[in-house]
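Contents: one structure, followed by commentary.
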Number of protein chains: 2
Amino acid sequence: MKLNKKVKEMEGAEQKIIAAARRIFQRKGMAGARMEEIANEAGINKALLHYYFRSKEKLFQVVMTEAKMQMLGRLHPILGSEASLFEKIEKFVESYISFISLNPFLPGFILHEINRHPEEMVKMMLSNDKRPNLNKFFLQVESEIRKKNIIAIQPEQLFINMLSMCVFPFVARPLLQGVMNVSDKKFSLMIEARKKEIPKFIINAIKR
Amino acid sequence: MKLNKKVKEMEGAEQKIIAAARRIFQRKGMAGARMEEIANEAGINKALLHYYFRSKEKLFQVVMTEAKMQMLGRLHPILGSEASLFEKIEKFVESYISFISLNPFLPGFILHEINRHPEEMVKMMLSNDKRPNLNKFFLQVESEIRKKNIIAIQPEQLFINMLSMCVFPFVARPLLQGVMNVSDKKFSLMIEARKKEIPKFIINAIKR
DNA sequence: GTCTATAATGAGATAGAC
DNA sequence: GTCTATCTCATTATAGAC
């Protein structure tokens, strides 16, 4: 779509709009976002939004498609790799938390929008191209169970536990900070610590 | 507000409206909900909504206040009780999952709205009355660590892990089902199983 | 491509009859 | 208390000048 010539600073209006739309949509959701707000955030005019993207819906689709690819695209490479199970868990947690730290509103955004249109959204998430390769991971877990290296656990449950512990703190951050009475600074440190703590926790939980 | 005389079936318009507002707001959020939709869901007229509750905002506050009390009110009784740590974990997980199973959209609703207005919302959540009594739980964890009954772990991290595993599956249900290719029926069974699986998982992870 | 001005629609809120 | 009809304003979208 654009010749990627070193990608200087501002890539023109189109990219500024997408960047702005990302920020606004991710924080407020499709229904809560205002086209004018996005225009202001991008430092341009409302009419330009419609010039580049025909409608709010279209602009939303761009942001959502990108979001979904980022969140799901990261599942495959690691969980489908050839690494050992424990190594895989360590790599996955570390990499997933690192990524979400850079896009903290992404998970909440996706989850909220999916709840508003479960059928279409899920179909859209999975149809396009690469359906996450969880089977390899699941088979590996079952194999380790048979070899008595880990306790008996449904692979799906293990996966849910791992994903929950990685993602939930971001989705629930303000609430958790409020309930536990924790500062921004301390919470960030705790998130950072979780990159190592979660794998330890999981491996402790399942190893024999 | 009403004499609770056996609470027959339909409790009049006011209750029907609240019930409808709950369903719509919880699924679509404040911004995504439509007054007309709520009216239809309640089987009454738009104007009646404004007769009973002056505005959309007021109606929203009713639903949100109720929601917050239900979610946070359940933290104290169990985590602040006199039970042993392991027992407490078992009780909490079982009870929290049971409750959310009956109100599956509640967590996502609260988390989304908090993200839209972090300051006010969190203040509102914690001000009113009972701030969750997590200190007792945290001290208990530290005591068990000193007694070498469990491994060293930051009590906050343990709490986050526990809450994540309980709540996240509901927030992310459609996505998880899509990614793991699991039917409604099977997912419900998995949730039910988690009441026992999560405590086992946690206790395995922390016990010496 | 980018703007200003304006049209078109959507949705919350009110008036007034019954 | 409950309804129909209507008002008002916010927001998406377009027209048209530059």
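Because the structure is predicted, anything quoted here is derived from the model rather than measured. These values consider heavy atoms only, across backbone and side chains, with no hydrogens, waters or symmetry-generated copies. To find a chain, count down the sequence lines: A is the first, B the second, and so on, and within it residues start at 1.
- In this entry the distance linking CG of A:L49 with P of D:dT14 reads 12 Å, nearest Å.
- Across the protein-nucleic acid pair, A:E14 atom CD and C:dG1 atom P stand 9 Å apart, rounded to whole Å.
- With sequence neighbours left out, A:N103 forms a side-chain contact (heavy atoms from CB on, under 4.5 Å) with A:F99, A:L106.
- When the nucleotides D:dT12, C:dT4, D:dT4 are ranked by their closest atom to the side chain of A:N45, C:dT4 comes out on top.
- Residue A:K200 qualifies as open at atom NZ: its count of foreign heavy atoms under 6.0 Å is 12 or below.
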Side-chain donor-acceptor contacts of residues 77-92 of chain A below 3.5 Å, not counting sequence neighbours, with atom names and distances?
residue: A:S81; atom: OG; partner: A:I78; partner atom: O; Å: 3.0
residue: A:S81; atom: OG; partner: A:A83; partner atom: N; Å: 3.3
residue: A:E82; atom: OE2; partner: A:K136; partner atom: NZ; Å: 2.6
residue: A:S84; atom: OG; partner: A:E87; partner atom: N; Å: 3.3
residue: A:K88; atom: NZ; partner: A:L79; partner atom: O; Å: 3.0
residue: A:K88; atom: NZ; partner: A:S81; partner atom: O; Å: 3.1
residue: A:K88; atom: NZ; partner: A:Q140; partner atom: OE1; Å: 2.6

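- The NZ-C1' distance, from A:K46 to C:dG1, rounds to 18 Å in whole Å.
- The ring-ring contact (aromatic ring centres under 6.0 Å, His included) analysis of residues 169-194 of chain B, with sequence neighbours excluded, yields no pairs.
- Looking at residues 50-58 of chain A, you'll see A:H50, A:R54, A:S55, A:K56 sit with a heavy atom under 4.0 Å from some atom of DNA chain D.
- Atom pair A:E36:CD and D:dT11:C1' shows a separation of 9 Å (rounding to whole Å applied).
- Partners of B:F25 according to the ring pair (Phe, Tyr, Trp, His ring centres under 6.0 Å) rule, which considers only residues two or more places apart in sequence or in another chain, are B:F60.
- Remark: A:K186 engages B:E156 in a salt bridge, criterion side-chain N to carboxylate O under 4.0 Å.
- A:F60 places its CZ atom 16 Å from the C1' atom of D:dT12, with the value rounded to the nearest Å.
- Between the CG atom of A:N40 and the P atom of D:dT11 there is a distance of 12 Å, given to the nearest Å.
- By the 30° and 60° cut-offs, the orientation of the rings of A:H112 relative to B:H112 is parallel.
- Put simply, CD1 on B:I38 is 11 Å from P on C:dA13, counting in whole angstrom units.
- Here B:K28 pairs with B:E37 in a salt bridge; the nearest charged N to carboxylate O distance falls below 4.0 Å.
- The stretch residues 20-35 of chain A touches DNA chain D through A:A33, A:R34, A:M35, each having a heavy atom under 4.0 angstrom from the strand.
- Closest to the side chain of A:A47, out of D:dG1, D:dA13, C:dT4, is C:dT4.
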Exercise for the section: Could you give me the CA-CA distance, side-chain angles and deciding distance for B:R194 and A:I160, then say whether side-chain contact (heavy atoms from CB on, under 4.5 Å) is met? Expected result: CA-CA 10 Å; B:R194 289 179 72 75; A:I160 294 177; 3.6 Å; yes
